**Q** 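Below you'll find the structure I mean.
These numbers were taken from a predicted model, which means no experiment stands behind them.
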Amino acid sequence: MKEVLLVVDVQNDVVRNAWNKKQVIQHIAQLVKKAREKHVPVFWVQHEDEYLVKNTDGWQIIDELKPSIHEKRFYKKWGDAFIDTGLQEVLEEQKIETIVLVGAQSEWCIRNTMQGA
């Protein structure tokens with residue numbers, strides 16, 4: 001069974017005032033490290049809207065979780081990372097059967113992406 005770690009919206013302005021931020025980031029970092037060690041693909045999703053302007057500091061993924069240059073990135077404008085991003089096509093192309101989903105704002109983008117999957 002081929003799987004992927006999908007890391008959603010761990011961007012500076014999204015997590016700046018997050019509850020239990022340090023511990024959450026540590027957990028995500030551990031998952032990213034384990035995925036890389038096991039050669040599980042890690043995909044990164046970044047949200048963009050009028051508040052999270054692409055290529056600004058607030059839009060960037062936090063320093064503690066820098067994607068590798070070999071890891072895929074997807075950019076979204078909706079809560080669901082499957083809408084207008086090409087994510088679905090890449091998952092199908094790579095025959096991914098299982099998504100391990102982590103990230104910020106579980107009440108919004110995580111839930112929407114989970115339902116989209």
Side-chain angles (χ1 to χ4, degrees):
M1 175 168 30
K2 193 162 181 191
E3 61 185 358
V4 67
L5 176 62
L6 185 62
V7 185
V8 178
D9 297 349
V10 285
Q11 297 161 261
N12 288 321
D13 280 355
V14 175
V15 300
R16 187 171 316 283
N17 298 312
W19 177 83
N20 212 10
K21 175 184 170 181
K22 185 177 179 179
Q23 187 176 16
V24 169
I25 291 169
Q26 286 174 345
H27 285 283
I28 295 171
Q30 288 173 344
L31 287 170
V32 170
K33 182 179 182 220
K34 286 180 184 180
R36 289 172 176 163
E37 288 171 352
K38 293 182 178 189
H39 305 286
V40 170
V42 180
F43 292 175
W44 300 85
V45 178
Q46 286 172 265
H47 191 80
E48 172 190 353
D49 61 22
E50 64 213 55
Y51 305 107
L52 281 170
V53 179
K54 192 171 186 174
N55 297 320
T56 63
D57 181 63
W59 175 85
Q60 299 298 329
I61 292 173
I62 60 173
D63 288 338
E64 297 91 335
L65 298 173
K66 286 298 177 198
S68 157
I69 60 169
H70 305 292
E71 294 169 339
K72 294 196 179 299
R73 287 191 185 195
F74 298 88
Y75 306 103
K76 66 181 182 65
K77 295 185 180 193
W78 307 99
D80 180 350
F82 286 89
I83 297 176
D84 298 329
T85 63
L87 175 60
Q88 180 69 40
E89 292 79 7
V90 171
L91 294 173
E92 289 172 0
E93 190 177 279
Q94 294 190 16
K95 298 183 179 2
I96 303 291
E97 298 173 339
T98 302
I99 299 170
V100 177
L101 179 61
V102 298
Q105 295 187 324
S106 57
E107 73 280 15
W108 295 107
C109 294
I110 297 297
R111 181 175 32 197
N112 287 326
T113 297
M114 179 188 67
Q115 290 171 335

**Q** Which value, rounded to the nearest 0.5 Å, describes the distance between Leu65 atom CG and Gln11 atom CD?
**A**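 Going from the CG atom of Leu65 to the CD atom of Gln11 covers 11.5 Å.
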**Q** Would you say that Val24 contacts Lys21 through its side chain, given a criterion of any heavy-atom pair below 4.5 Å between the two side chains?
**A** no
**Q** Tell me the closest heavy-atom pair linking Asn12 and Asp63, and the distance in Å.
**A** OD1-N, 4.5 Å
**Q** Measuring from Leu5:CG to Lys38:NZ, what's the distance to the nearest 0.5 Å?
**A** 12.0 Å
**Q** Apply side chain to side chain contact (heavy atoms under 4.5 Å, CB included) to residues Thr113 and Phe82 and explain how you reach the verdict.
**A** CA-CA 7 Å; Thr113 297; Phe82 286 89; 3.9 Å; yes
**Q** Over all heavy atoms of both residues, which pair between Glu3 and Pro41 is shortest? Give the atoms and the distance, please.
**A**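 Result for this residue pair: O-CD, 3.2 Å.
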**Q** Do Val45 and Tyr75 belong together in a cluster built from hydrophobic side chains that touch within less than 4.5 Å?
**A**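 No, separate clusters.
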**Q** Is there a side chain to side chain contact (heavy atoms under 4.5 Å, CB included) between Ile28 and Glu64 once you walk through the steps?
**A** CA-CA 10 Å; Ile28 295 171; Glu64 297 91 335; over 6 Å; no
**Q** To the closest 0.5 Å, what do you measure between CH2 (Trp78) and CG (Asp49)?
**A**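 Here the interatomic distance stands at 10.5 Å.
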**Q** Heavy-atom count around Lys33 NZ within 6.0 Å, excluding the residue itself: above 12?
**A** no
**Q** What do the steps show when you test Gln30 against Gln26 for side chain to side chain donor-acceptor pair (under 3.5 Å), and what is the final call?
**A** CA-CA 6 Å; Gln30 288 173 344; Gln26 286 174 345; over 6 Å; no
**Q** Mind checking whether Ile96 and Leu101 sit in one hydrophobic cluster, side chains of I, L, V, M, F, W, Y counted as touching below 4.5 Å?
**A**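 Cluster IDs for Ile96 and Leu101 match.
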**Q** Tell me whether Val7 is reachable from Ile61 by hopping between hydrophobic residues (I, L, V, M, F, W, Y) whose side-chain heavy atoms are closer than 4.5 Å.
**A** yes
**Q** Taking all non-hydrogen atoms of both residues into account, name the closest pair between Asp80 and Gly116 and its distance.
**A**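 Looks like OD2-CA, 3.3 Å.
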**Q** To the nearest 0.5 angstrom, please state how far the CD1 atom of Ile62 sits from the CG atom of Asp9.
**A**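 The distance works out to 11.5 Å.
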**Q** Please tell me whether Leu31 and Val8 are part of a single hydrophobic cluster in this structure, the criterion being side-chain heavy atoms less than 4.5 Å apart.
**A** no
**Q** Looking at every non-hydrogen atom in both residues, tell me the closest pair between Lys76 and His47 and how far apart they are.
**A** NZ-ND1, 2.8 Å
**Q** Show your reasoning for whether side chain to side chain contact (heavy atoms under 4.5 Å, CB included) applies to Phe43 and Ile99.
**A** CA-CA 10 Å; Phe43 292 175; Ile99 299 170; over 6 Å; no
**Q** Taking atom NZ as the centre, does Lys77 end up with more than 12 heavy-atom neighbours from other residues, nucleotides or ligands that are less than 6.0 angstrom away?
**A** no
**Q** Indicate the atoms forming the closest heavy-atom contact of Pro67 with Arg73, along with that distance.
**A** CG-NH2, 3.3 Å
**Q** Within the structure provided, determine whether Ile25 and Val10 are in side-chain contact (heavy-atom separation under 4.5 Å).
**A**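 Side-chain contact under 4.5 Å: no.
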**Q** With clusters defined by side-chain heavy atoms of hydrophobic residues (ILVMFWY) lying less than 4.5 Å apart, directly or transitively, does Ile110 cluster with Val100?
**A** no
**Q** Out of curiosity, Lys54 NZ to Gln60 CD, how far, rounded to the nearest 0.5 Å?
**A** 10.5 Å
**Q** Report yes if the side chains of Leu87 and Leu6 come closer than 4.5 Å at any heavy-atom pair, otherwise no.
**A** yes
**Q** Which heavy atom in Thr85 sits nearest to a heavy atom in Phe74, and how many Å separate them?
**A** O-CD2, 3.4 Å
**Q** Using the side chain to side chain contact (heavy atoms under 4.5 Å, CB included) rule, take Trp44 and Gln46 through it: C-alpha gap first, then chi angles, then the decisive distance, then the call.
**A** CA-CA 7 Å; Trp44 300 85; Gln46 286 172 265; 5.7 Å; no
